[in-house]
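First comes the structure, then the notes that go with it.
Values below: all heavy atoms of this structure, side chains included; hydrogens, waters and symmetry mates excluded.
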Amino acid sequence: MRKAKAFFAWGLVLMFLLFFFQTIFANDVTYVSSTLWTGAMDVQVVDDYAYCCFANGLVTLDVSNPANPSFASRFFLQGTGEAIFVKDDYAYLADLNDGLVIFSLSNPANPDTVGNYYASGAHDVFVQDTLAYVAYDYYGLRIVNVKDPKSPSLITTHDTPGAAYGVFVKDSLAYVADRYSGLQIINIKDPANPDSVGSYDTPSWARKVFVYDSLAYVADDASGLQIFNVKDPTDPESLGSYDIPGEAYHVFVDDSLAYVASDYRGLWILNVKDPTNPDSVGAYYTDGNSRSIFLDDSLAYVADDWTGLQIFNVNDPENPTLFGSFDTPGNSRGLFAIDELVYVAGYARGLYIIGVSDPANPDTISYCPTIGYAFDVFVQDTLAYVADYGAGLQMINVSDSANPVLIGTYLTTSFVYDVFVKDSLAYVANYYNGLQIINVSDPANPESLGSYDTPGRAYAVFVQDTLAYVADYENGLQIINVSDPANTDSVGSHDTPGLAVNVFVKDSLAYVADRSGDLQIINVNDPANPDSIGYYDTPNLAYGVFVQDSFAYVACRYGGVQILNVSDPTDPIFAGSYSTPGEVYDVHAVGDYVYVANYYSLIILHTSLGTGVEETDENESVPADFVLQQNYPNPFNPVTSIQYTVNSKQSHPVRTTQKSVYGSQFTVHSPIHTTLTIYNVLGQKVRTLVDDVKLPGEHRVVWDGRDDKGKLVSSGIYFYKLRIGDYSKVKKMLLIK
């Protein structure tokens, strides 16, 4: 008895700590998986493998048959990959956020990280002997000792006048493409004391440099290829240049030919036999944005950003031909998650459907191309509605997720950025022309019913009841009466401090992603007089927002995902975050999983945030027929029974939309997805007891005191959370051994 009392006292202490440190415990956001990788930035080929630096990390391809390269492995990094250098059995990856990351290639099909020199801003890397020379943006050149790849250590930093973007080492000299300050030449004979010996200010922005014999070739962005005589490094001499179309990002030189990666213009081959008068020999326009080139025998490997790796036969440089490719999906701009599927708007590639029944292993089920640029997607019933930018609204039948079919198109008068569907109406954010309402009862023959020309530029729309809430860019939030689509009229507006690009409405609150104006929370209980009641200063350009339970998930374009506790909307509190590679445009939460449209991929995160490990207030308003009983026995050792009720008369908010229509109710007379999960006092998931579709009625489940791995858990307080549709309830229980 004394032990029981002591344990109860300890339990009270734990409860106090739980509530006091709620936001600390909530900051448990972890990476689960990712798919739809794109953003090929750099490549090096060794033997039968191409090691590709993607924005998301390292991708290894088997190129033993270069006409048909195949996927071998990938390794996710939280930063943004920029460049790669392969030497011996190691790959050195320059990552903007993670610094210099070193991989072991002892098994090329399964590389693994062995070391990391962390310092943000790494753009390029070159390894010679036991030293790695890293171009570190505004920090200049950093020289890292990698004799022991498991423990890289900084030797010294040499500050360059501009921003170091590229580096090439030859003999005892490091040649740095210093962006704003052209070509910088540094004596590295004594690595601990590097010394600037010469420089040349190029006309544009120096991005990369390649040294061949006594010539330095600089990819100089808008001014194309610049060629310098560096025989005397103290006095580099400009010899010639060639202004290729597009922007020169990278250069590789072999004998008398220079291969240049041109942004938007693909592969360019120049004859540089006479460096004073370089001349174009051949070119191949790629579909993506060429970022780098690596030459291996008669094959040129081009990292082509969002179109992946392109392999060219350059045996005849006047007629380069596409020999093989490893295609990647388009950039992820918007998404919509429902049940075990995620629909991704893939920009230039159209719509992707991803299966996430096993979140750790997402599976691309199908792909449907669209006419324009897919910016966002909304799913209702068996149709996916794609905001297709210049190609209007695209309607895709997804009843068979493995075979989506485009069945209808509505060409709008301006660019479509967002779409919201309610009943048989599609509400379109039509950029210059405001809100447009389209009848999609017959998706093969959509027709316009009405519109409202907002004062600004319509970026996003959310509909609740008879009101449409429009994120109107420079004119903040616009509220429009759409009860009669043919006769819409303004109800109210609120000019946010920044640029409104997204909106989510729950209950009587509008959450506005205000770009430079952060997250704005607006009371719309009186839509004629919306009133700002709270805001949160997000780290970088709020672009998307999704609200679940008492948490707001904010997509920050260059700042990853920020999660805020908005239980008190007047004072939102930081609850968790995850820094993602690339640009974040959209976010959606379903239960414990967070889906992120990360431009370069779809990223899946897991969080104990929003699990509601606090016990639900018994006075909280929940449906009368939604019942979670107290477990019995309680306290228990080691087995207890939990009973709950799903009633066919239960009503709950519509859950089959990306932006749940909380203002519209429907009655459930059919099975509904139900989960019952056990958590510890830290909010960590212990055991999933139920994750299934349940029929109406009473249900009972037994917990045997074991976790998901079958291991008996220790004594203590545990919480069990029942989620049915969008409702959830939590109770606590006590295990005493």
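Judged as a salt bridge (Lys or Arg N to Asp or Glu O under 4.0 Å), and not counting sequence neighbours, the contacts of R291 are D263, D305. In this structure, W306 has no ring pair (Phe, Tyr, Trp, His ring centres under 6.0 Å) partners at least two apart in sequence or on a different chain. Under the ring pair (Phe, Tyr, Trp, His ring centres under 6.0 Å) criterion, Y217 pairs with no residue at all, not counting sequence neighbours. Residues passing the side-chain hydrogen bond (donor to acceptor under 3.5 Å, both in side chains) test with Y180, sequence neighbours excluded: Y138. Looking at residues two or more places apart in sequence or on another chain, you find a side-chain hydrogen bond (donor to acceptor under 3.5 Å, both in side chains) between N361 and D358. Take Y264 and apply the ring pair (Phe, Tyr, Trp, His ring centres under 6.0 Å) test, not counting sequence neighbours, and it matches no residue. Judged as a side-chain hydrogen bond (donor to acceptor under 3.5 Å, both in side chains), and not counting sequence neighbours, the contacts of T60 are S73. In this view, Q394 and T409 satisfy the side-chain hydrogen bond (donor to acceptor under 3.5 Å, both in side chains) rule, not counting sequence neighbours.
Closest approach of A206 to D220, counting heavy atoms only: N-OD1, 3.1 Å.
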Throw together a table of side-chain donor-acceptor distances under 3.5 angstrom for residues 120-133, partners on residues two or more places apart or in other chains.
from: H123; atom 1: ND1; to: E82; atom 2: OE1; distance (Å): 3.0
from: H123; atom 1: NE2; to: D137; atom 2: OD2; distance (Å): 2.5
from: D124; atom 1: OD2; to: V167; atom 2: N; distance (Å): 3.0

Atom pairs and distances, donor-acceptor, side-chain atoms in residues 240-251, under 3.5 Å, two or more places apart:
from: Y249; atom 1: OH; to: R207; atom 2: NH2; distance (Å): 3.4
from: H250; atom 1: ND1; to: I293; atom 2: N; distance (Å): 3.4

Atom pairs and distances, side-chain donor-acceptor, residues 278-285, under 3.5 Å, sequence neighbours left out:
none

- Evaluate the side-chain contact (heavy atoms from CB on, under 4.5 Å) criterion for residues N187 and H158: first the C-alpha distance (whole Å), next the side-chain angles of each, then the deciding distance (0.1 Å), finally the verdict. CA-CA 11 Å; N187 186 331; H158 181 82; over 6 Å; no
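S204 contributes a side-chain N or O that, together with a main-chain N or O of A222, makes up a donor-acceptor pair within less than 3.5 Å.
Pairs of residues two or more places apart, or lying in two chains, never qualify as salt bridge (Lys or Arg N to Asp or Glu O under 4.0 Å) while including a residue from residues 39-68.
In this pair, F210 and F168 present their aromatic rings tilted. The plane angle is within the 30 to 60° band. Using cut-offs of 30° and 60° on the angle between ring planes, the pair Y578 and Y31 is parallel.
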